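To start, the structure itself, in structure tokens.
By convention in this document, chain letters (A, B, ...) are assigned in the order of the sequence lines, proteins followed by strands, and residues within each chain are numbered from 1. Just so it is clear, the structure is predicted and the values come from calculations on it, not from any experiment.
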Protein chains: 2
Amino acid sequence: MKVSEQPSVSVKAPMCPSRGVLEHVTSRWGVLVLAALVERPYRFSELRREVGGVSEKMLAQTLQTLERDGFLLRDAKPVIPPRVDYSLTGLGREAAEQVWALARWTERRTADVQAARAAYDEARSS
Amino acid sequence: MKVSEQPSVSVKAPMCPSRGVLEHVTSRWGVLVLAALVERPYRFSELRREVGGVSEKMLAQTLQTLERDGFLLRDAKPVIPPRVDYSLTGLGREAAEQVWALARWTERRTADVQAARAAYDEARSS
DNA sequence: AGTGGGTACTTACGAAAGGTTAGCGCTCTC
DNA sequence: GAGAGCGCTAACCTTTCGTAAGTACCCACT
């Protein structure tokens with residue numbers, strides 16, 4: 001069999017580095033941070049207000065992970081009070097636009113999912 | 001302000017049900033299960049072999065969640081040995097194709113991410 | 001002068017999620 | 001008749017996550 005048929009990097013393999021990358025992109029807060037930054041750059045506290053429910057700890061952790069992976073740029077300005085801007089890189093924008101589309105799809109289809117859940121639960125209780 | 005401008009269902013709101021739906025779709029194993037089922041229906045054990053590294057417990061849990069959300073159909077045939085087929089619904093296919101695209105994108109870009117990590121780590125150590 | 005608020009984080013601890021191992025009832029193969 | 005395969009389920013333990021507080025600095029208000 002040809003090697004070119006199967007990609008050497010596959011998300012299906014447990015030890016493949018692509019698995020970890022996908023987990024960062026699809027992480028609980030990673031998705032929402034990326035989706036928010038599609039619109040425009042944000043400051044730390046702005047982002048915290050925009051992404052409802054995220055703690056400062058988890059936001060900082062998520063931003064560090066995504067920055068390290070090359071998805072976003074951190075621009076810390078040496079002013080008082082501190083000001084740090086976060087924006088997408090080219091790589092980050094490619095990922096962000098996909099998760100943003102997924103988030104929008106989810107919003108549109110949430111009612112259908114809720115109906116499916118109600119049907120599922122009723123079929124079990126009766 | 002008009003209600004129609006902002007969707008009543010937004011992933012940005014902490015208590016919105018769409019948040020939960022998105023978390024199911026983007027969950028660690030949910031992504032991989034959906035991506036696998038894009039190709040064709042799978043049996044339980046087939047899926048377990050296809051999605052490398054998933055435990056039986058987590059696979060069963062993930063499948064139940066996705067079934068309840070209306071993303072996939074569970075077809076348990078009353079034969080010995082037990083045979084259970086899982087396939088995508090229409091709703092599930094819409095979601096699955098998006099996460100599949102994201103998974104493929106990740107595989108293609110993993111090398112870039114690894115390069116970014118190396119650059120990030122070096123900038124810190126030196 | 002002192003109090004409260006805003007900035008971007010970090011640290012410590014309890015709670016929740018996730019993972020590992022084992023078992024179950026049944027059948028077909030060796 | 002011993003072992004493997006099937007699709008789960010229950011107990012247990014570890015890793016992750018969220019919550020609350022602390023840090024250091026400055027401005028506005030009282």
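Scanning both residues, A:V33 and A:L63, for their nearest heavy atoms gives CG1-CD2, 3.9 Å. Taking each heavy atom of A:G70 and A:T89 in turn, the nearest pair found is O-OG1, 2.7 Å. In terms of heavy-atom proximity, A:C16 sits nearest to A:S10 at CB-O, 3.2 Å.
When atom types are taken as modelled, the side chain of B:R48 and the backbone of B:V54 share a donor-acceptor pair closer than 3.5 angstrom. No donor-acceptor pair under 3.5 Å is formed between the side chain of A:Q61 and the backbone N or O of A:M58.
With rounding to whole Å, A:R83 atom CZ is found 10 Å from C:dT7 atom P. With rounding to whole Å, A:R48 atom CZ is found 11 Å from D:dA20 atom C1'. Summarising the geometry, the separation between CD on B:Q61 and P on C:dA16 is reported as 16 Å, rounded to the nearest angstrom. Following rounding to the nearest Å, A:D85 (CG) and C:dA8 (P) show an atom-to-atom distance of 9 Å. Summarising the geometry, the separation between CE on B:M58 and P on C:dA17 is reported as 11 Å, rounded to the nearest angstrom. One atom, OH of B:Y42, and another, C1' of D:dG7, lie 18 Å apart when rounded to the nearest Å. The interatomic distance linking B:K57 (NZ) with D:dC12 (P) rounds to 13 Å, in whole Å.
Against DNA chain C, the stretch residues 21-34 of chain A makes no heavy-atom approach under 4.0 Å. Contacts with DNA chain C (heavy atom under 4.0 Å) in residues 64-72 of chain B: none are found.
Looking at B:R124 and B:D121, no side-chain N of the basic residue comes within less than 4.0 Å of a carboxylate O on the acidic one, giving no salt bridge. A salt bridge links B:E97 with B:R93; the closest basic N to acidic carboxylate O contact falls under 4.0 Å.
Contact annotation: A:S55 side-chain N/O to D:dT19 OP1/OP2 distance is not under 4.0 Å. Listed pair B:R49 / D:dC6 meets the phosphate criterion, a side-chain N or O lying under 4.0 Å from OP1 or OP2. Taking only side-chain nitrogens and oxygens, B:R43 never comes nearer than 4.0 Å to OP1 or OP2 of D:dC6.
Distances from the side chain of B:S45 to the nucleotides C:dG18, D:dG7, C:dT7 place D:dG7 closest.
A:Y42 carries A:R40 over the face of its six-membered ring, with the cationic atom under 6.0 Å from the centre and within 45° of the normal.
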- prompt: Checking side chain to side chain contact (heavy atoms under 4.5 Å, CB included) for the pair A:V25/A:L34: CA distance, chi angles, key distance, verdict?
  reply: CA-CA 8 Å; A:V25 172; A:L34 289 171; 4.1 Å; yes
